[in-house]
Amino acid sequence: MSISAQGSASNRISALLDENSFVEVGGHVTARNTDFNMTAKELPSDGVVTGYGTIGGCLVYVYSQDAAVLGGSVGEMHAKKITKIYNMAMKTGAPVIGLIDCAGMRLQEATDALNGFGEVYFSQTMASGVIPQITAVFGTCGGGMAVSAALSDFTFMENKKGKLFVNSPNAITGNYTEKCDTASADFQSTEAGNVDFTGTEEEILSGIRTLVSILPANNEDDMSYGECQDDLNRVCENLAAYVGDSGLVLTQISDDNFFMETKKDYASSMVTGFIRLNGTTVGCVANRQESYDENGEKSKEYGTTLTAGGCEKAAAFVDFCDAFNIPLLTLVNVTGYKPSKCSEKKMARMAAKLTYAFANATVPKVTVVTGQAFGGAYLTMNSKSIGADIVYAWPDSVIGMMDADQAVRIMYADEIAKSDDGAALIHEKAAQYQELQSSALAAAKRGYVDDIIDASETRARVIAAFEMLFTKREDRPAKKHGTV
């Protein structure tokens, strides 16, 4: 169903849900406040339409703000309607979808509106890790509402009319909208990393439907599986040729080439997203060195190192997958941590977050080393030592402390300096180091790699590994929560 350019609150719900499935809850609710001549104002549904319906036959709860009613501002009863939807969703174990077009808190209701906002935050916090929360920004999402969007699991944003901000661009000292529109979809998705998907209104609603179709309804649901029509043993020819762009690798090995990437425009050297393997949703984290356009031409290069933003992005994704019992697949091709002043400010902390997220996750975890896997950065990327259940490596992959030439230059510095032919000595010693300490075979001999597999067999071998791990159970030490 298409929607108008304005896209009213009710029309958005109709376009999102299965036809004729929406049931409104609280349609007669209106504001109680009488101050500032509020009794003379018409406030249909207090500016938010709430209820439940289905997407692909699956139950979801939804609220949609109406900008035509006091700018969609959040007042006491507006907030109570949203918290009621959350309460119902928690009882039945179904996702909550918020369609945002909100001017912020309703000034006429002051502390009542403020308290209502706080109750929404509390509901979202209690729901976190229990039911999926999805937010879509179609108009203004400012101030406190921006915090609400950040409390959700996935955020969609309309790329022209959507505005997401805590402080509006013109309120930031030294900035103004024309200089840097910090509220725009481009900034929020590319620079801030607060938005997972951008697009037109129709694309966003379609994307939400797709996302809901592949996610569990709650943290105890095991019904997010579909029937697989693809060949489980399908050989992925020339997969090794895509080693630089892990997004293409994931697309090739997935059922029917399905891949839904999250936060694609933010920290693009780190790939996060969902694929399907034998009908099961699998969360994926992977290093990416380059991207290709529709014509197969290389469009961007990202380098071979972990960035602070990439680690932060991946850690949040791993936490989500672990909370909802979604298996994790990691593709590794990394040489170290990004060496820059900007990255260094947060690098250790963000790398620690990703290391902790992988180590703390108890879902089935499979890792495939597709290229280089060096040093601490490899450990961070779900290595065997921090808890990967199965680790595979492609034949030409390199696993070790660092590049063989660099290692030799350090280990044999004195001999190289005294040698008549330093280059030949480096070549000789590097070949020995590569064979003894940095090859996939060397790692496999020590038990750090479970098997060396041909790239074309990746789909079949990974599916088999996850099938074996289906009944995995793993405990962690009793504690309230970690502090990383």
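These numbers come from a predicted model, not from an experiment.
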Self-check item: salt_bridge(R461, D451) N-O dist < 4.0 Å
Solution: yes
Quiz item: Is it true that R234 and D255 make a salt bridge, defined as a side-chain N closer than 4.0 Å to a carboxylate O?
Solution: no
Quiz prompt | E312/R349 salt bridge by N-O under 4.0 Å criterion | solution = no
Practice problem: Check step by step if side chain to side chain donor-acceptor pair (under 3.5 Å) holds for S148 and Q124. | Solution: CA-CA 8 Å; S148 179; Q124 289 187 270; 2.7 Å; yes
Practice problem: Heavy atoms only: give me the nearest N194-T155 pair and the separation to one decimal. | Solution: O-CB, 3.6 Å
Quiz item: What do the steps show when you test K338 against L306 for side chain to side chain contact (heavy atoms under 4.5 Å, CB included), and what is the final call?
Solution: CA-CA 6 Å; K338 184 175 181 179; L306 291 183; over 6 Å; no
Quiz item: Between V484 and A352, which heavy-atom pair has the shortest distance, and what is it?
Solution: CG1-O, 3.8 Å
Practice problem: Might you confirm whether atom OH of Y242 has over 12 heavy atoms from other residues, nucleotides or ligands at distances under 6.0 Å? | Solution: no
Quiz item: Is the F154 ring parallel, tilted or perpendicular to the F274 ring (thresholds 30°, 60°)?
Solution: perpendicular
Quiz prompt | Atom of E220, atom of N218 and distance for their closest heavy-atom approach | solution = N-OD1, 2.8 Å
Self-check item: Pairwise side-chain contact, E191 with T182, heavy-atom cut-off 4.5 Å (strictly under)
Solution: no
Quiz item: Is there a side-chain contact between L17 and T54 (heavy atoms, below 4.5 Å)?
Solution: no
Quiz item: Which pairs pass side chain to side chain donor-acceptor pair (under 3.5 Å) with one or both residues in residues 375-391, sequence neighbours excluded?
Solution: T330-N382, Y337-T380, T355-T380, T367-N382, S383-S385, K384-D450, D389-K472
Quiz item: Can you check whether V249 reaches T251 side chain to side chain, under 4.5 Å on heavy atoms?
Solution: no
Self-check item: I326 and F320: CA distance, side-chain angles, deciding distance, side chain to side chain contact (heavy atoms under 4.5 Å, CB included) verdict
Solution: CA-CA 8 Å; I326 298 171; F320 174 84; 3.9 Å; yes
Practice problem: Take Q65 and D101 through the side chain to side chain donor-acceptor pair (under 3.5 Å) test and state the conclusion after the steps. | Solution: CA-CA 5 Å; Q65 294 173 318; D101 193 350; over 6 Å; no
Exercise. Please test N287 against L331 for side chain to side chain contact (heavy atoms under 4.5 Å, CB included), starting from the C-alpha separation and ending with a verdict.
Key: CA-CA 7 Å; N287 308 119; L331 304 185; over 6 Å; no
Quiz item: Restricting to pairs with a member in residues 81-91, which pass side chain to side chain donor-acceptor pair (under 3.5 Å), not counting sequence neighbours?
Solution: Y86-Q133
Quiz item: Passes side chain to side chain donor-acceptor pair (under 3.5 Å), S456 versus D454? Steps please.
Solution: CA-CA 5 Å; S456 64; D454 190 79; 2.5 Å; yes
Practice problem: Measure the shortest side-chain to side-chain distance between I253 and L329 over non-hydrogen atoms and say whether it is less than 4.5 angstrom. | Solution: yes
Self-check item: Test item: T190 and V195 side chains (from C-beta on) under 4.5 Å apart, heavy atoms
Solution: no
Exercise. Verify the neighbour count for atom CD of E344: are there more than 12 heavy atoms of other residues, nucleotides or ligands below 6.0 Å?
Key: no
Practice problem: Go through the side-chain N and O atoms of Q229 and D256 and say whether any donor and acceptor fall under 3.5 Å apart. | Solution: no
Quiz item: Near Y52 OH, under 6.0 Å, is it more than 12 heavy atoms from other residues, nucleotides or ligands?
Solution: no
Quiz item: Counting only heavy atoms not in Y448, do more than 12 sit closer than 6.0 Å to its OH atom?
Solution: no
Quiz item: Taking C-beta and beyond as the side chain, do K313 and M350 meet within less than 4.5 Å on heavy atoms?
Solution: no
Exercise. Would you kindly say whether T272 and T262 are connected by a side-chain donor-acceptor distance under 3.5 Å?
Key: yes
Self-check item: Validation row, ring centre F466 to ring centre F470 under 6.0 Å
Solution: no
Quiz item: Do the side-chain N and O atoms of E76 and N115 include a donor-acceptor pair separated by under 3.5 angstrom?
Solution: no
Quiz item: Can we say E457 and R459 salt-bridge, meaning some charged N sits less than 4.0 Å from an Asp/Glu carboxylate O?
Solution: no
Practice problem: Any chance you could lay out the side chain to side chain contact (heavy atoms under 4.5 Å, CB included) test for Y392 and T458, step after step, and finish with the verdict? | Solution: CA-CA 9 Å; Y392 293 130; T458 302; over 6 Å; no
Quiz prompt | Trace of the side chain to side chain donor-acceptor pair (under 3.5 Å) decision for T281 with R276 | solution = CA-CA 5 Å; T281 297; R276 291 279 219 175; 3.1 Å; yes
Self-check item: Pair Y292, E290: side-chain N/O donor-acceptor within cut-off below 3.5 Å
Solution: yes
Quiz item: What closest approach, in Å, do R288 and K264 show between heavy atoms, and which atom pair accounts for it?
Solution: NH2-O, 4.2 Å
Quiz item: Is the closest side-chain heavy-atom distance between V368 and V391 below 4.5 Å?
Solution: no
Quiz item: Can Y61 and T92 be counted as having a side-chain donor-acceptor contact under 3.5 angstrom?
Solution: yes
Quiz item: Taking all atoms of both residues into account, what is the closest heavy-atom pair of D221 and A217, and its distance?
Solution: OD2-N, 2.9 Å
Practice problem: Check A361 against L328 and note the closest heavy-atom contact, atom names and distance. | Solution: CB-CD1, 4.3 Å
